[in-house]
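Computation of the quantities below employed the complete heavy-atom set of this structure, encompassing side-chain atoms and omitting hydrogens, waters and symmetry-equivalent molecules. Quick note on labels: first sequence line is chain A, next is B, and so on, each numbered from 1.
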Amino acid sequence: MARGVERILFTSFIGLVVLGALFVAKDWPIRASIVILLLGSIGVVLVLAQLVLDFKALRGAGPNPEPPTFEVAALEHQGRWGSLEIWAWLWGLFAAIHLIGFPIALPLFVLLYVRLYGGRWITACILASGTWGFLYGVFDQVLHVPWPEPWLRFLVF
Amino acid sequence: MLEAALEGLAGVVQPEAMAFMALGVLIGSLVGFLPGIGGPSTLAIMLPFVMTMKDPLLVIALIVGMDAVGNTASAFTSILISVPGSSGSQATILDGYPMAKKGEAARALSASFVASLLGGFFGAFVLFASLPVLRPVVLAFSSPEFFILTLWGVSMVGILSGNAPIKGLLAGILGVLIGTVGLDTKSGIERYAFDVSYLWEGIELVLVALGLFGIPEVIDLASRKTSIAKAEEFGRGYLEGILDVFRHWWLLIRTSVIGAWIGFLPGLGSSVADWFAYAHAVQTEKNRENFGKGDIRGVIASEGANNAKEGGDYIPTLAFGIPGGTSTALILTAFVAVGINPGPDMLTSQLNLTFAVIWTLVIANILATALCMLFSRPIARMCFLPFYAIVPPIVAFIFIGAFAANFHSYDLTALMIFSLLGFFMRRYGWPRPPLLLGVVLGEKMELYLWLSYTRYGLEWLRRPMVMALMVLLIASVVYPIVAGRKEKRAAEASVAGA
Amino acid sequence: MRRKILIFLFSLLFCGFFIAAAGQLFAAEHPYYEGKTIRIIVSSSPGGGTDTSARLVSRFMSKYIPGNPKTIVQNMPGGGGTIANNYFASEVKPDGLTLMQDSSSGIGNFVRGGPTIKYDPRKFKVIGGVARPGSLVMIRNDARPRLMDSSAKPVVVGDTDGIRTWVAMTVWGAEYLGWNLRWIYGYPGSRELALAIRQGEIDMWATQNAKLVKDLQREGVVQILATEEDRRREDFADVPTFVELLGSKRPSGLAWQGYLGWAGAPELDKFLVAPEGTPDPLMKLLREAFSKVMKDPEVDKEGDKFFGEGWRPHPGEKIEAVIREHIAIPKEALDFITKMRQKYGLPVGEKKS
């Protein structure tokens with residue numbers, strides 16, 4: 001049931017994106033916007049059709065719709081928090097990269113994750129140092145990648 | 001012709017050239033395996049060293065060796081962790097990863113390497129066979145013809161939507177919208193850039209692919225705290241995979257041809273080669289229900305095409321001095337610097353060098369396949385490692401790959417946004433491949449339609465090549481429907497008869 | 001005994017001071033760049049002309065800078081060069097250790113303006129630059145008769161975005177020489193344009209790639225109408241300059257200023273800059289090194305391979321002057337350009353408020 005509502009919300013979100021795109025595009029000269037207006041209008045019609053289908057599925061409470069043809073079924077997530085846990089890690093990594101910089105955040109993430117989820121210290125250290133070695137060796141020394149400045153510069157020597 | 005062929009071969013098998021080729025294959029395989037470090041960056045780095053080399057044969061051995069094999073090794077990450085290693089192995093994920101989850105990683109890997117090898121041969125062969133007709137064929141394709149080809153891509157969206165056509169089409173439309181972000185050359189307008197200069201050059205395809213396909217799978221693994229595959233016995237699959245390729249030899253040939261042609265034609269860009277091949281397989285093969293759930297044919301189709309396209313890519317480069325893409329542009333620079341003069345000379349006075357390129361494509365593919373086969377066992381074992389040892393490296397991989405798109409922190413922001421999109425699309429049953437196709441094809445479709453119209457008005461519809469292509473297009477759409485109906489009727493008949 | 005110890009200690013101290021002073025003296029002798037690394041930021045992705053120039057320069061600079069510092073090249077693509085320029089203007093210290101390889105599009109973007117532009121190229125200190133030979137305008141042989149015949153089908157000019165500098169030649173040619181043209185644009189790049197002119201999808205095009213032009217000419221596809229530069233090219237000695245073509249019909253005043261504003265200065269192509277505030281002695285050192293690099297015969301050969309013969313280096317001071325001149329084009333001239341573009345159906349670009 002809850003999943004059904006979520007589907008409707010997602011479809012509506014897509015619809016809003018398409019509408020937003022149309023709205024922005026209407027001010028452009030015709031040659032830039034013609035394809036977008038065309039496809040966008042078709043898109044709006046399709047979104048409405050999909051919303052109808054979603055509502056019917058909700059009301060009908062039929063069996064769970066099968067997964068799309070070219071996808072393996074999404075596994076049901078375990079535990080209370082389901083996927084929120086890993087999302088928290090990912091967003092945490094994202095924030096860490098911006099705060100303390102790529103070369104430190106990534107190995108740190110690897111180290112912490114391995115350790116906190118049951119890996120041994122040695123595994124954690126090997127993987128973390130491998131990550132760091134790769135970042136430093138290939139990206140820094142060979143490619144000379146310009147790392148963006150971390151926001152907490154003073155924490156990074 | 002024969003002497004040039006032998007001369008080319010002789011030049012390429014000298015010890016020094018072979019050493020350089022081995023080096024090139026090693027680097028190329030590493031680059032293909034690791035996401036983000038793309039061919040262009042590596043070639044650009046190699047360029048200064050290459051410029052100091054004087055012997056054109058050595059340059060060919062190194063550079064062509066490096067460039068030709070990136071797609072072989074990229075299958076590793078596509079199959080094992082659903083992360084596209086290079087733009088060429090995206091469609092491999094659709095069937096490769098499910099196979100890994102079923103414990104059939106070894107089978108998928110060996111099939112993909114052998115398919116890549118044979119596909120690469122085929123690309124080299126197409127290059128060789130088309131030498132006499134190279135120029136007229138390339139010249140026959142201009143904007144209207146390219147437009148029809150992109151329509152073919154649109155039909156793929158329909159196919160890849162499978163049983164959710166509305167959502168699939170919407171995904172495709174969304175993809176086209178994403179593809180329009182950036183400067184529109186025909187009007188001078190920045191579309192959807194909202195005054196953020198990062199968006200001026202558009203959103204990199206690799207960010208969409210990594211976010212859409214890579215992260216959602218990692219989230220799955222992490223949420224269920226499971227390893228990629230459960231089954232313990234997989235060693236058998238190795239040989240099975242090799243046999244599979246020969247069992248489906250006709251499919252391999254067809255998809256290699258598709259790959260070589262797409263590499264050949266400068267209009268479409270090479271990221272679509274494996275998608276077109278995959279969709280073609282779905283369209284034309286019997287018993288399609290298994291596609292997307294671990295059907296070896298999906299892997300064969302995709303991998304055969306993406307190596308074949310490398311060979312095809314060299315055709316406009318050598319025949320006209322017109323590079324097919326960034327990597328071939330760099331190759332061209334390297335060639336010119338060493339005195340290899342692309343253009344009509346390549347087919348006359350420098351024919352031996354052209355053959356050197358062809359032979360290098362052949363030999364480099366063999367070396368790369370051997371290398372990958374060697375490592376596939378140990379690397380495939382990672383499918384059985386516990387999740388905490390797998391998830392962090394994969395995430396690191398993905399983040400690094402994303403960052404290498406533009407070396408800008410917004411790359412990561414884009415990655416997170418597409419990850420969310422991919423995650424929700426998966427959750428709510430929205431097919432993802434059409435979105436990727438939309439990104440790749442949408443802009444080209446728009447462009448060629450525009451160029452055709454401004455140049456020819458509506459006359460272009462009457463061009464003979466256009467009409468021929470339209471007929472082929474309609475046939476390719478209609479055939480599977482008709483064949484499907486015949487199959488169903490046959491199945492019903494047998495059920496009724498039983 | 002105590003005295004001896006004291007004398008001994010004093011001498012030790014004295015020696016110490018002496019050594020320290022001598023050490024300082026030696027340190028002052030060490031060139032600034034010794035043991036250091038120069039970082040060259042490139043405003044485009046690997047492989048293009050800007051990147052190639054940067055790598056060419058970086059390979060040889062080290063040889064001619066006292067102290068022989070290491071040089072590394074970092075690509076910072078995006079925004080047509082804006083991202084690198086913004087970063088360079090705000091984040092980079094003027095210590096001579098970070099330089100930027102920019103191209104004329106950095107100037108072009110600045111002139112276009114907009115909220116994303118957070119740099120001012122006039123404040124950069126230019127070390128030196130290379131200018132590739134100007135574009136050569138070519139026309140298909142079978143289209144040539146139609147060029148001056150306004151009753152015939154117009155000759156089709158093809159371009160990527162319609163605002164390339166050479167397009168100015170075609171527009172002024174149409175206006176003042178009566179060329180019978182129409183423009184289509186939107187092609188992704190030179191590869192497609194080269195193919196299109198071979199196929200006859202477009203009839204007229206221009207490129208800086210001399211080799212491509214020669215090939216097309218040799219194959220009998222095109223003839224060359226004019227060169228963008230201010231004097232005839234050595235490798236195409238029988239091709240007139242555009243100014244020669246115009247002859248007496250050359251406009252003056254605003255119309256000509258407009259042309260120059262669009263066609264741009266030939267010296268402005270790829271150039272190396274140091275940040276605002278870089279001390280003069282360092283600039284002098286870098287500029288001298290640059291000019292030595294350009295005189296190196298190996299660099300000459302390499303440059304020919306990459307850019308075609310006829311490329312020219314230009315000293316930093318000259319490029320700085322050209323940049324200032326180019327940016328100082330009066331608004332009326334810019335309006336004239338816009339008017340001409342509108343007249344011939346070329347893109348006018350975003351309207352800036």
Between CE on residue B:Met416 and CG on residue A:Leu93, distance to nearest 0.5 Å
7.5 Å

Please test B:Ile400 against A:Phe134 for side chain to side chain contact (heavy atoms under 4.5 Å, CB included), starting from the C-alpha separation and ending with a verdict.
CA-CA 10 Å; B:Ile400 293 176; A:Phe134 181 72; 3.7 Å; yes

Atom group of A:Ile14 that falls short of 4.5 Å from chain B, counting heavy atoms:
side chain

A:Ser83 versus B:Phe423, closest heavy-atom pair with distance:
OG-CZ, 3.3 Å

Looking only at heavy atoms, what is the nearest atom pair of A:Glu85 and B:Lys225, with distance?
OE1-NZ, 3.5 Å

Looking at B:Ala389, B:Ala396, B:Ala171, B:Gly442, which has the largest count of heavy-atom pairs under 4.5 Å with chain A?
B:Ala396

Whatever's closer than 4.5 Å to a heavy atom in chain A on B:Ile215 counts as side chain

Under 4.5 Å, counting heavy-atom pairs only, tell me which of B:Asp184, B:Thr454, B:Leu412 racks up the most with chain A.
B:Leu412

A:Tyr117 atom OH: more than 12 heavy-atom contacts under 6.0 Å
yes

Name the option with the most non-hydrogen atom pairs under 4.5 Å to chain A; the candidates are B:His408, B:Lys167, B:Met445.
B:Lys167

Which atoms form the tightest heavy-atom contact between B:Tyr192 and A:Ala25, and what is the distance?
OH-CB, 3.9 Å

B:Thr413 versus chain A, heavy atoms under 4.5 Å apart: side chain, backbone, both or neither?
both

So which of B:Ile173, B:Leu170, B:Ile166 actually passes side-chain contact (heavy atoms from CB on, under 4.5 Å) with A:Val47?
B:Leu170

Looking at B:Ser409 and A:His98, what are the two nearest heavy atoms and their distance?
CB-NE2, 3.6 Å

Okay, A:Leu53 and chain B: the region with an atom under 4.5 Å from a heavy atom over there is side chain

Whatever's closer than 4.5 Å to a heavy atom in chain B on A:Leu106 counts as side chain

Less than 4.5 Å to any heavy atom of chain A: does that hold for the side chain of B:Thr180, its backbone, both, or neither?
side chain

With under 30° as parallel and over 60° as perpendicular, where do the rings of B:Phe403 and A:Phe102 fit, or are they tilted in between?
tilted

B:Trp430/A:Phe10 under side chain to side chain contact (heavy atoms under 4.5 Å, CB included): CA gap, chis, key distance, verdict
CA-CA 10 Å; B:Trp430 288 64; A:Phe10 184 67; 3.4 Å; yes

Tell me, please, which residues at least two apart from B:Tyr388 pass ring pair (Phe, Tyr, Trp, His ring centres under 6.0 Å).
none

Sort A:Ile30 into side chain, backbone, both or neither according to what part of it lies under 4.5 angstrom from a heavy atom of chain B.
neither

If you look at every heavy atom in B:Arg191 and A:Ile36, which pair is closest and at what distance?
NH1-CD1, 4.2 Å

With chain B, the option among A:Leu116, A:Leu46, A:Ile97, A:Leu127 that has the most non-hydrogen atom pairs under 4.5 Å is A:Leu46

Side chains of B:Ile219 and A:Trp89: closer than 4.5 Å at any heavy-atom pair?
no

Any chance you could lay out the side chain to side chain contact (heavy atoms under 4.5 Å, CB included) test for A:Ile34 and B:Trp450, step after step, and finish with the verdict?
CA-CA 10 Å; A:Ile34 180 86; B:Trp450 161 255; over 6 Å; no

A:Trp91 portion near chain B, given a 4.5 angstrom heavy-atom threshold:
both

Who pairs with A:Trp132 by side-chain contact (heavy atoms from CB on, under 4.5 Å), at least two apart in sequence or on another chain?
A:Pro107, A:Tyr136

More than 12 non-hydrogen atoms from neighbouring residues, nucleotides or ligands closer than 6.0 Å to CZ on A:Phe94, yes or no?
yes

Which value, rounded to the nearest 0.5 Å, describes the distance between B:Tyr428 atom OH and A:Leu9 atom CG?
7.5 Å

B:Leu177/A:Leu39 under side chain to side chain contact (heavy atoms under 4.5 Å, CB included): CA gap, chis, key distance, verdict:
CA-CA 9 Å; B:Leu177 288 176; A:Leu39 289 178; over 6 Å; no

In terms of heavy-atom pairs under 4.5 Å with chain B, the winner among A:Leu112, A:Thr123, A:Val114 is A:Val114

How long is the gap from CZ on B:Phe397 to OG1 on A:Thr131, to the nearest 0.5 Å?
10.0 Å

Counting C-beta onward and ignoring hydrogens, is there a side-chain heavy-atom pair between B:Ser419 and A:Trp87 closer than 4.5 Å?
yes

What is the minimum heavy-atom distance between A:Arg7 and B:Arg427, and which atoms define it?
NH2-O, 4.1 Å

